[in-house]
Amino acid sequence: MGFLDRVFEKKICNVCGAPIDYFQNKKLQNGNCCKKCLSELSPWFSNLKASTVENIRYQLYCRKQNYEKLNAFNPTKVMGTEYKVLVDETKREFAVAKNGNYLQCKADIINCSDINRCTVDIIEHKKEVEYIDSNGEIHSFVPPYFAYSYDLFVEIGVTISYINVIRFKINPSPIDNGQEEVINIGQNGIINKFKDKMYTNRSYNGKTSNLEEVRASTSYKKYDSIANEIKDCLLYYKNQQMEIKNAEMSIIHCPWCNSKILKNSTSCNHCGGPI
Ligand SMILES: [Zn+2]
Ligand SMILES: [Zn+2]
């Protein structure tokens, strides 16, 4: 079959059965998926090629049930920057949504007991700072000087069939101290080795990086504290939810009077019957 034949050949979405255009087709492990089905998937789902038609059908079923959770979701705590973490503290559920628009992006409403880990991931970037002398040549400082910058991510591992991890950046732009990576000290075009040497000797006074300055900066502290606030809050509600679940599991009904009693009791504290 030629290319054009394939372009005009109508494919069928194996998930919902609708016809799909060649250019809008998305491949699954064992079939095709249409744009409409795709638009209903979780914003945190990415592993399309490795998914089967059955995986996608199950996800769409879960996402339909998520609509009801979305309508009942009542966030009482909002944290974060571009990506907001919204927590319903009464139901101990959370959602992560860009700009906090959880309804618009149909965010997954996740029970805090489905969190299996939550970490703050600090990504460090290191680059040598160089200078261009009045000859137009690039040199290292002596000793070499390095510029550091940081990106802070929150990573939430969840035990949901179609999402493994929710990861988002906290700082909107790199956290640095505005250090230029290439410094042009010979801009006026006049070759002056003495001036070059004076400038480079003065520049960093034997210091080898801006690491301490950047890590002590107010913006580093600010985003670090936002990231940790999210982590601590989610883990707090996860633990609370686990305690409630464990307490529920340890309650049984008395076989004599049907009152609720603790699983490890030897006798019923309502009717006195032996357990
Ligand atoms: Zn479809
Ligand atoms: Zn009893």
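Every number for a ligand or one of its atoms is a count from 1 in the order of the listing. These numbers come from a predicted model, not from an experiment.
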Student: Please work out the angle at the Zn ion (ligand 1) defined by atom SG of C13 on one side and atom SG of C16 on the other, rounded to 10°.
Tutor: 100°

Student: Can the ring centres of Y150 and Y220 be said to be less than 6.0 Å apart?
Tutor: yes

Student: Only to 10 degrees, please: what angle do the SG atom of C34 and the SG atom of C37 make about the Zn ion (ligand 1)?
Tutor: 110°

Student: Does a sphere of radius 6.0 Å around NZ in K207 hold more than 12 heavy atoms from other residues, nucleotides or ligands, not counting ones at 6.0 Å or beyond?
Tutor: yes

Student: Once rounded to the nearest 0.5 Å, what's the spacing between atom NZ of K27 and atom NZ of K49?
Tutor: 10.5 Å

Student: Is the number of heavy atoms from other residues, nucleotides or ligands under 6.0 Å of Y58 OH greater than 12?
Tutor: no

Student: Taking backbone and side chain together, does H270 place any N/O/S atom at a distance below 2.8 Å from the Zn ion (ligand 2)?
Tutor: no

